[in-house]
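Inspection log for the structure reproduced underneath, given as structure tokens.
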Amino acid sequence: MDRYNFKLVEEKWQKFWEKNQTFKSGADKNKKKFYCLEMFPYPSGKIHMGHVRNYTIGDVLARYKKLQGFNVLHPMGWDSFGMPAENAARENNLDPKDWTEKNISTMKTQLKKLGLSIDWDREISTCSPDYYKHQQNFFLELFDKGLVYRKENYVNWDPIDQTVLANEQVIDGKGWRSGAQVERKKLSQWFFNISKFSEQLLDGLNNLSEWPNKVKVMQKNWIGKSYGCEIDFKIEGDLPIKNIKCYTTRPDTLFGFSFLALSVDHPLSKYFEKNPEFQNFKSECSKTGTTEESIAQAEKIGFKTNLQAINPIDPKMKVPVYFANFVLMDYGFGAVFGCPAHDQRDFEFAKKYKLNIKTVVRPEDQSDDYLVKNAAFEENGVMINSSFLNGLKTPGEAIEKSIDYLTKNNLGKKKINFRLKDWGISRQRYWGCPIPIAYDKSGNIVKVPRKMLPIKLPEKINLNTKGNPLDHQKKWKEIKINGEICILDTDTLDTFVDSSWYFLRFCSPSENEYGFDSEDIKYWMPVDQYIGGVEHAILHLLYSRFFMQALAFKNSNFIPTEPFKGLFTQGMVCHETYKDENNNWLSPDEVFSEDGKNFFENKNKQKKVIVGPSESMSKSKKNTIDPERIISQYGADSVRLFILSDSPPEKDVQWSDQGMIASYKFVQKFWLLHQKIIEHINKKDIDGEDNELTIYTNKLIEKFTQSLEKFNLNVIIAYLHETYNFLNKEINKTKINNLKDNYLKILTLMFPLLPHLVSECINGLKISDKIKWPSVEKKYLEEKFVNIVIQINGKKKSLIKIEKDLEDKQLIESIKKDTKISSILNNKGIFKHIIVKNKLVNLIIK
RNA sequence: GCCCUCGUGGUGAAAUUGGUAGACACAAAGGACUUAAAAUCCUUGCCCUUUUGGGAGUGCCAGUUCGAGUCUGGCCGAGGGCACCA
């Protein structure tokens, strides 16, 4: 018998698929389609195990759907703009383009070795001008629709590197590279008006029945719809401002009003600019940075003004006005009405500045003289000390009545607010899509005419400059528009813009005039199954949903839909972490163990290794396993099998060398079994039908298909082992007349998981027709005998095999004859019995 | 602090959705084959019993039910998300 040579076989079939264009999506638009998409990778250098898992899951699905007769679109591309290229280029004095292209070529070769069923003719790369020229066009389209605007916004500013930092580049309030204290700085930047679609984006979630609930909840919280009220406060003091608008969700607690707090960026702050104490306070606030973490940890501080705010609902009540660090300018109106008794944050502020704390809500089980003492009371309750609201339940009645009152007296109105902020898309970086906007001599915005697109990035420029590299490109910046010299915007677009429409581009990757062809979109969209990491649960997925809305806005040819009908978020690949005595990370290759418990360094076998917890594979912790090495050692099929076998795909999976070897052995074992089966088939001397094998096969088809539909890929691999065990045991007893048919069906089930091995096996069956996903023949699922569990008082006591569909009386009689049961019954009377047809009988005895 | 998810053998996990708990696999121990090793195959798995057999058992405590890993309430633990959002 031959050993299975995965190297030869895998190479052979990969060549075969390529030559026959097996994975090219069909042009026939009358056929049922299936769009299977995995999140496209950032070309960081080499593929990692996370990619292997992600793309294997997608590949199993794509191959399965293809066998079911769907016209499958399964493309791949590169999310190739972004900071790593720029950083790597700067460090090694390279060009980001060269670096990126080299990585793409490496990773493409690696992905091909995995045997993925990808239509490579549709490959796209976001850093290619062929791609981003359409994106620049979309930018202008949205600009014309009024969905893009320019606004001053705060950024994390590194004063040493003279650059803007992303939130994750700020560590403990300091720049990751320079270590300088990060400042808040105002910059004029471009924004997409995503908040305009808050309502649609929230509503749309209800239709996404094939999305994980977790992701929908995260998006819902992110959008953050709240029901409340907008209130006008009159201001007394020596300033020309006489009114301040506030947003609140608790207008019922207005009688507990104790201070008004403003953001330091509130328009009113301009009257305090010259006050040195206010300046101090403001810079104190700005030191906290813009990261959420730092804001959350900051102490609540305030700056008292000489102003007073009047309670609209009780004009005799006048309270001080403060500036406070906990009030954000971009939510509500940058002003908060403080009610310390019923808001913990206000409570802490009031304690610190010794402000009045008036209780206006009591718990339902307390009397009207209830007083708030150590913490704010934020629960449901009953109104007290609140004039016409007294005795009402809150929230509910009391909120309704207070809004009614404010509306009738023209003091405020009902308002729905969203937490979702507009999407800032300007990045002060080189390696991104240039913004197709220029400025004339007077600084006015000038759109770059469409026929001048794309605005290409300048190549081979010096990146070792301070600030934004494009700023230094004097020649590039100058552009003649309608005869006038203008200066291009030197910012580039957030790379999330690139990935917000790439799934549309895959439908028409070579369309030249526009980003996509509307006929193609109508056929292929939405993506039937999108697969990727849960880390993109909010931003990428929300932005993509927004992009569909924005394209459809004021465009009757484009119907707004959800881009991703089904979403699957796979878990990460984890590995134990290792450190040496000096606390340096060690890679799995650098350690060894004889007993699996004690680990030592390879270099110096005396040195003990500290084994840390298993964490998701990352270069920084050195706990990675290189897929390329594993593929060349064990073959693509074995790796695919292992990466899916140990855990459900939505959960994290533990890398295990033993598990990997076991998968490899399975492939080898199966090949031996295959040869035995072929030998058997060729005997042609045992007559008759083999019902047992046919029944087994049909049961398998049923449960295999069900589990596959539910993405229980680890379970179908268990069935695979079961099937191997069954065939291996039964093969010599099997009659061969229908062996070939059943075996082909079994191989077809296995094909999506182990495409190379199975292709080779099917080849050995000498079958000329194309294989199809097998369907269940119901008649083989019906059995004459069933196993019935016998319980006594709810506890399992025995199991009998008996004819199906017996009458209750007959069944009970047969059960009484069972030796175990009769000995337990011992002539005791049966008090009651419960029968679950063909499954279980529960006898109740005293 | 709020929201979500999850707790099953030594390990990764199954369980037709309220009906045989631990399928399948990894690891371990014992055995078979072998001159030996590797490879392969078989058996075992918590407690009591020599065996036949019996019992406990799905984080903990209650409840619903003929019957609970699955449903309800409370508690404990782990993971993830959000957070001065007014």
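So that the names make sense, note that chain A is the first sequence line, chain B the second, and so on, each numbered from 1. Just the heavy atoms: all of them, side chains too, but no hydrogens, waters or symmetry mates, feed the values below.
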Which of the following nucleotides, [options], is nearest to the side chain of [X]?
{"X": "Leu799(A)", "options": "C84(B), U20(B), A86(B)", "result": "U20(B)"}
{"X": "Glu722(A)", "options": "C41(B), C24(B), C85(B)", "result": "C24(B)"}
{"X": "Tyr247(A)", "options": "G19(B), A83(B), A86(B)", "result": "A86(B)"}

Within the side chain of [X], is there an N or O that forms a donor-acceptor pair under 3.5 Å with the backbone of [Y]?
{"X": "Ser195(A)", "Y": "Asp422(A)", "value": "no"}
{"X": "Asp652(A)", "Y": "Met572(A)", "value": "yes"}
{"X": "Ser258(A)", "Y": "Asn356(A)", "value": "yes"}
{"X": "Ser269(A)", "Y": "Asp265(A)", "value": "no"}

N/O (side chain, [X]) to phosphate O (OP1/OP2, [N]) under 4.0 Å:
{"X": "Asn714(A)", "N": "A14(B)", "value": "yes"}
{"X": "Arg419(A)", "N": "A83(B)", "value": "yes"}
{"X": "Ser647(A)", "N": "A13(B)", "value": "yes"}

Test ring pair (Phe, Tyr, Trp, His ring centres under 6.0 Å) applied to Tyr4(A) - qualifying residues, sequence neighbours left out: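 With sequence neighbours excluded, Tyr4(A) shows a ring pair (Phe, Tyr, Trp, His ring centres under 6.0 Å) to Trp671(A), given in chain and number order.
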Across all chains, not counting sequence neighbours, the ring pair (Phe, Tyr, Trp, His ring centres under 6.0 Å) partners of Phe197(A) are Phe546(A), Phe553(A)
What does [X] touch in the nucleic acid at a heavy-atom separation under 4.0 angstrom: a base, only the sugar-phosphate, or nothing?
{"X": "Asn725(A)", "answer": "sugar-phosphate"}
{"X": "Asp343(A)", "answer": "nothing"}
{"X": "Thr249(A)", "answer": "sugar-phosphate"}

If we call it a pair only when both distances are under 3.5 Å in a Watson-Crick or G-U wobble match, what pairs with [N]?
{"N": "G73(B)", "value": "C61(B)"}
{"N": "A15(B)", "value": "none"}
{"N": "U43(B)", "value": "A29(B)"}

Determine the Euclidean distance between corresponding [atom1] atoms of [M] and [N]; express it in Å to zero decimal places.
{"N": "G12(B)", "M": "C2(B)", "atom1": "C1'", "value": "33 Å"}
{"N": "G54(B)", "M": "U49(B)", "atom1": "C1'", "value": "8 Å"}
{"N": "A56(B)", "M": "A62(B)", "atom1": "P", "value": "16 Å"}
{"N": "C46(B)", "M": "A39(B)", "atom1": "C1'", "value": "33 Å"}
{"N": "G9(B)", "M": "G57(B)", "atom1": "P", "value": "14 Å"}
{"N": "U58(B)", "M": "G22(B)", "atom1": "C1'", "value": "9 Å"}
{"N": "C42(B)", "M": "G79(B)", "atom1": "C1'", "value": "41 Å"}
{"N": "A23(B)", "M": "U8(B)", "atom1": "C1'", "value": "13 Å"}

When Ser707(A) and Thr248(A) are each assigned the nearest nucleotide of RNA chain B, the 5'-most assignment goes to Ser707(A)
Ranking Lys796(A) and Asp646(A) by the position along RNA chain B of their nearest nucleotide, the one closer to 5' is Asp646(A)
message = Let's test your reading of the model: under 3.5 Å, does the base of G1(B) pair with the side chain of Gln344(A) as donor and acceptor?
response =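 For Gln344(A), whose side chain was compared with the base of G1(B), there is no donor-acceptor pair (under 3.5 Å).
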Once hydrogens and angles are ignored, does a donor-acceptor distance under 3.5 Å link the base of C84(B) to the side chain of Lys300(A)?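 For Lys300(A), whose side chain was compared with the base of C84(B), there is a donor-acceptor pair (under 3.5 Å).
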Euclidean distance, atom NE2 of residue His721(A) to atom P of C24(B) [Å, nearest integer]
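So the NE2-P distance, His721(A) to C24(B), works out to 11 Å.
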Asp346(A) CG to A86(B) P, in whole Å, measures 11 Å
Syn or anti for G9(B), given that syn means the glycosidic angle lies within 90° of 0?
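G9(B): syn glycosidic orientation.
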Its glycosidic angle compared against 90° from 0, U16(B) adopts the form anti
Just so I know, are the side chains of [X] and [Y] near enough to count as touching, which here means a heavy-atom distance under 4.5 Å?
{"X": "Thr253(A)", "Y": "Thr394(A)", "value": "no"}
{"X": "Leu328(A)", "Y": "Ser263(A)", "value": "no"}
{"X": "His833(A)", "Y": "Ile815(A)", "value": "no"}
{"X": "Leu406(A)", "Y": "Leu254(A)", "value": "yes"}

| request: Say whether Asn623(A) and Thr577(A), considering side chains only, have a donor N or O and an acceptor N or O under 3.5 Å apart. | output: no
Distances under 3.5 Å only, N/O to N/O: pair up the protein atoms with those of nucleotides 53-59 of chain B.
residue : atom : partner   : partner atom : Å
G55(B)  : OP1  : Lys797(A) : NZ           : 3.3
A56(B)  : OP1  : Lys795(A) : NZ           : 3.2

Check: What are the residues of residues 651-666 of chain A, sorted by number, that bring a heavy atom to within less than 4.0 Å of RNA chain B?
Finding: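 By residue number: Lys651(A), Gln658(A), Ala662(A), Lys665(A).
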message: Using a 4.0 Å cut-off on heavy atoms, which residues in residues 329-338 of chain A reach RNA chain B? List them by number, or say none.
response: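 Going residue by residue through residues 329-338 of chain A, the ones with a heavy atom under 4.0 Å of RNA chain B turn out to be Tyr331(A), Val336(A).
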**OP:** Count the heavy atoms belonging to other residues, nucleotides or ligands that lie under 6.0 Å from NZ of Lys414(A), then report whether that count exceeds 12.
**Re:** no
message: With a sphere of 6.0 Å drawn around NZ of Lys196(A), does it hold more than 12 non-hydrogen atoms of other residues, nucleotides or ligands?
response: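 Open.
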Pick out the pairs of N or O atoms, protein on one side and nucleotides 32-34 of chain B on the other, that lie under 3.5 Å.
none

Where do Phe191(A) and Asn153(A) land on the side chain to side chain contact (heavy atoms under 4.5 Å, CB included) test, with the steps shown first? CA-CA 10 Å; Phe191(A) 284 82; Asn153(A) 194 50; 3.6 Å; yes
What do the steps show when you test Asp805(A) against Asn838(A) for side chain to side chain donor-acceptor pair (under 3.5 Å), and what is the final call? CA-CA 6 Å; Asp805(A) 295 330; Asn838(A) 294 327; 2.9 Å; yes
Distance to the ring centre below 6.0 angstrom and angle to the axis at most 45 degrees; does that hold for Lys304(A) and Tyr353(A)? no
